[in-house]
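Let me begin by presenting the structure, written as structure tokens, before commenting on it.
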Amino acid sequence: MAAPIAIHLEFGGGAELLFEGLKEHRVTLPSQLEPWDMKQLLVWIQRNLLKERPELFVQGDSVRPGILVLINDADWELMGELEYQLQDQDNIVFISTLHGG
Amino acid sequence: MAAPIAIHLEFGGGAELLFEGLKEHRVTLPSQLEPWDMKQLLVWIQRNLLKERPELFVQGDSVRPGILVLINDADWELMGELEYQLQDQDNIVFISTLHGG
Amino acid sequence: PLTVKPALSNEDIMRYSRQLLLPELGVKGQLKLSRTSVLVVGCGGLGCPVAQYLAAAGIGRLGLLDYDEVELSNLHRQVLHGEENQGQAKALSAASAVRRLNSTVECVPYHLQLSPENALQLIQQYDIVADCSDNVPTRYLVNDACVLSGKPLVSASALRMEGQLTVYNYRGGPCYRCLYPVPPPPETVTNCSDGGVLGVVPGIMGCFQALEVLKIASGQGSSCGQQLVMFDAQDARFRSIRLRPKQPGCAVCGENASVTQLLDYEAFCGSAATDKCRKLNLL
Amino acid sequence: PLTVKPALSNEDIMRYSRQLLLPELGVKGQLKLSRTSVLVVGCGGLGCPVAQYLAAAGIGRLGLLDYDEVELSNLHRQVLHGEENQGQAKALSAASAVRRLNSTVECVPYHLQLSPENALQLIQQYDIVADCSDNVPTRYLVNDACVLSGKPLVSASALRMEGQLTVYNYRGGPCYRCLYPVPPPPETVTNCSDGGVLGVVPGIMGCFQALEVLKIASGQGSSCGQQLVMFDAQDARFRSIRLRPKQPGCAVCGENASVTQLLDYEAFCGSAATDKCRKLNLL
Ligand SMILES: [Zn+2]
Ligand SMILES: [Zn+2]
């Protein structure tokens, strides 16, 4: 049994507009049998935070193209992407790529 | 007897020019009877790092006017100034105020 | 005082359409900008981008103050001036560039040196002051005049490849003297004439300064009061530092302030209110 | 190719004196700048400050590319243009502003749309590319053309009150496609025409972009390869993020690259290479 963990979620580059304009969310993920990973976090976000238009945030079991995911200020590609196991106090950022100039 | 402590010193805004142009210094303060404080650190810097023109860095037992001291990214005035007791892994910044435009 | 604009004209709506879309600004914020006056002290490396972006954004009145004339050695960073403006007063050159960009901004050039005699009378006519000056006595003078007349001061500086920015005397936060009660010994002060500066560094800091002015003017508020933003261009790193609060013992904004009128700041600092003295010595 | 300047003229020494003093630049670095050519793709909110500060600093040749004409709604952020330039080609308007500032820079305006047909031939003539464009297809086009011709790409973007900056295809680091192998669904893309932008935000990002170009051109090197710099204007916060390395499986810079010549990027992205389509739909 893994204990509940508290994490800090941030949304930016416009991704926050899917979450009522709130850029920062402090959330607690409940206790569960296995440790939390990013794949499960995406499901949890869809069920608990994302009120509408999930297709603007997820595609299949990952984030949609054009959203960059950062785990503790590093590109999630360096951290194992969907398989990364979340630690208490982790900081996870979802940032939309900007194209304007 | 206080154990030796490792701290990170940074100099900027031109203050680094007094330290051979090096902006970052990782130093270890030796073990001594009492805990290290900022006042003692200034003496240690003068003896061990500051090779010339100490009057451009210190005045009396403090730093000269126009240098701002930061302890772990906060103004040292918030931390007790000269009386602040150094902790292992502290980050201490000495920054010259800039006036150009 | 600025004539209060009751509404945006059709031309305003076209011109500012891309920023009117912002929920943080909107029509209300844009009208607030048009009712705000800003004094830019110094039309050099910082003052040029400040004036440029404040005018572009539609600030109501822009005071542009500089005692100096445009020289060739200014043009690597003072981008509002052109080669043809050499020898012209910087305040006038900046004003005509700003008018080309936005003729609806009321632009007031001051070709003079800010002094203890004229500072209060000038600053009282403006809502916000941007300190874009280049020397220590002027920085104390601007600070004291802002405290005495209750104006927020958005202050930036740049040298070599570094920059600093703070908003003083804003929402109960500290003033410049709270941080620096004693001026630096003159021999420790390096200015752009002898230390050099990469032109785009004041460019970045001046844009940042314009941003904070716009946030204050539009009612969003600045996030840089009681904060020092430091920029290091070499490693492209910004850093925000939490500063001390307003000091009860501050000579100008404290509880028993001793500075109740402006002083002789050149005497106080032991140096001239220009960045040229040393250059003259070197030549 | 640029004619190699053997030495600085007396006028150069006067003009650049404040930056020649910098140990990071000096005469050597200044000569390197004068031998470097930079293509600025887009003369809008980012391209204006980029062109302004690169010209001021003495870059050798500056290519200014934009297919568009100056409109009133540009002037809140596109500060090289003036009211009198409305209706004029942005590339030409920017070029004449840049010449007023520094006539010693070789300035080449291109009033055209960058396309798969002309991009390689254009980019091959320059040493560094600054992507100041405003739409997704152009960003992929510029990236692929830079990878295929081996040029470093200093890329910035801005929207609302945020900005992003990365240096791609530089010293073995990743390219734009390494990060974004699949283009975003068109319905998720917001551009400045519909999302709005505070003018000084591209101002800050463009100055930052000019800084990184100057660091690369002068031989100091950029610190933004394999890094994403994010700027949030509301809380005045910069943040640097460590990015993934160059991806062996990247379609254009990877080991078995499938993209060996330029494609139809509008088809690839499912959207037009302009930020205007949506505005037209809205009107
Ligand atoms: Zn004070
Ligand atoms: Zn790649």
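Below, read A as the first sequence line, B as the second, and so on, with proteins coming before strands; counting in each chain starts at 1. Hydrogens, waters and symmetry mates are skipped; everything else that's a heavy atom, side chains included, is used.
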Quiz item: Given the options D:Ala236, D:Gly82, D:Ala210, which has more heavy-atom pairs under 4.5 Å with chain C than any of the others?
Solution: D:Ala236
Self-check item: Heavy-atom contacts under 4.5 Å, residues 153-168 of chain C to chain D
Solution: C:Arg160, C:Met161
Quiz item: What heavy-atom pair brings D:Cys43 and D:Cys48 nearest, and what distance separates the two atoms?
Solution: O-SG, 3.7 Å
Quiz item: Highest number of heavy-atom pairs under 4.5 Å with chain D: which of C:Ile13, C:Leu198, C:Leu21?
Solution: C:Leu21
Quiz item: Crowded around D:Asp235 CG? As in, over 12 foreign heavy atoms under 6.0 Å?
Solution: yes
Exercise. For each of D:Ala56, D:Gly206, D:Gly58, tally heavy-atom pairs with chain C at distances under 4.5 Å, and name the one with the top tally.
Key: D:Ala56
Exercise. Measure distances from C:Arg237 to the heavy atoms of chain D and classify the residue's part below 4.5 Å as side chain, backbone, both or neither.
Key: neither
Quiz item: So, C:Gln234 versus D:Gln220: side-chain donor-acceptor pair below 3.5 Å or not?
Solution: no
Quiz item: Most heavy-atom pairs under 4.5 angstrom with chain D, which of C:Leu54, C:Leu25, C:Val79?
Solution: C:Val79
Quiz item: Which atoms of D:Arg239 come close to chain C, meaning under 4.5 Å heavy atom to heavy atom: side chain ones, backbone ones, both, or neither?
Solution: neither
Quiz item: Which of these, C:Gln88, C:Glu83, C:His81, sits in a side chain to side chain donor-acceptor pair (under 3.5 Å) with C:Asn85?
Solution: C:Gln88
Quiz item: Are a donor atom and an acceptor atom from the side chains of C:Asn135 and C:Thr274 found within less than 3.5 Å of each other?
Solution: no
Practice problem: Begin with the C-alpha distance, continue with both residues' side-chain angles, and end with the deciding distance and a verdict on side chain to side chain contact (heavy atoms under 4.5 Å, CB included) for D:Glu212 and D:Ser223. | Solution: CA-CA 8 Å; D:Glu212 295 309 308; D:Ser223 34; 4.1 Å; yes
Practice problem: Using non-hydrogen atoms and a 4.5 Å limit, figure out which bit of D:Asn102 sits close to chain C: side chain, backbone, both or neither. | Solution: both
Quiz item: Going by heavy atoms in the side chains, are C:Gln78 and C:Val70 under 4.5 Å from each other?
Solution: no
Practice problem: Before giving the answer on side chain to side chain contact (heavy atoms under 4.5 Å, CB included), spell out for D:Gln19 and D:Leu33 the whole-Å C-alpha distance, their side-chain angles and the decisive distance to 0.1 Å. | Solution: CA-CA 12 Å; D:Gln19 65 193 40; D:Leu33 292 185; 4.2 Å; yes
Quiz prompt | chain C interface, residue from D:Arg100, D:Lys215, D:Arg15 that has the most non-hydrogen pairs under 4.5 Å | solution = D:Arg15
Self-check item: Intermediate values then yes/no, side chain to side chain contact (heavy atoms under 4.5 Å, CB included), C:Val197 and C:Arg77
Solution: CA-CA 9 Å; C:Val197 62; C:Arg77 68 184 191 283; 3.6 Å; yes
Self-check item: Closest-packed option against chain C by number of heavy-atom pairs under 4.5 Å, given D:Val200, D:Val229, D:Leu20
Solution: D:Val200
Practice problem: Would you mind telling me which of D:Glu24, D:Met14, D:Glu11 has the largest number of heavy-atom pairs within less than 4.5 Å of chain C? | Solution: D:Glu24
Practice problem: Using the test ring pair (Phe, Tyr, Trp, His ring centres under 6.0 Å), find all partners of D:Tyr170 that sit at least two apart in sequence or belong to another chain. | Solution: none
Quiz item: Top residue by heavy-atom pair count (under 4.5 Å) with chain D, among C:Leu214, C:Leu211, C:Leu75?
Solution: C:Leu211
Quiz item: Tell me, side chain or backbone of D:Ser17 under 4.5 Å from chain C's heavy atoms, or both, or neither?
Solution: side chain
Practice problem: Quick one: sort the D:Phe231 and C:Phe208 rings into parallel, tilted or perpendicular, breaks at 30° and 60°. | Solution: perpendicular
Exercise. Please tell me if the side chains of C:Asn74 and C:Glu71 come closer than 4.5 Å, counting only heavy atoms from C-beta onward.
Key: yes
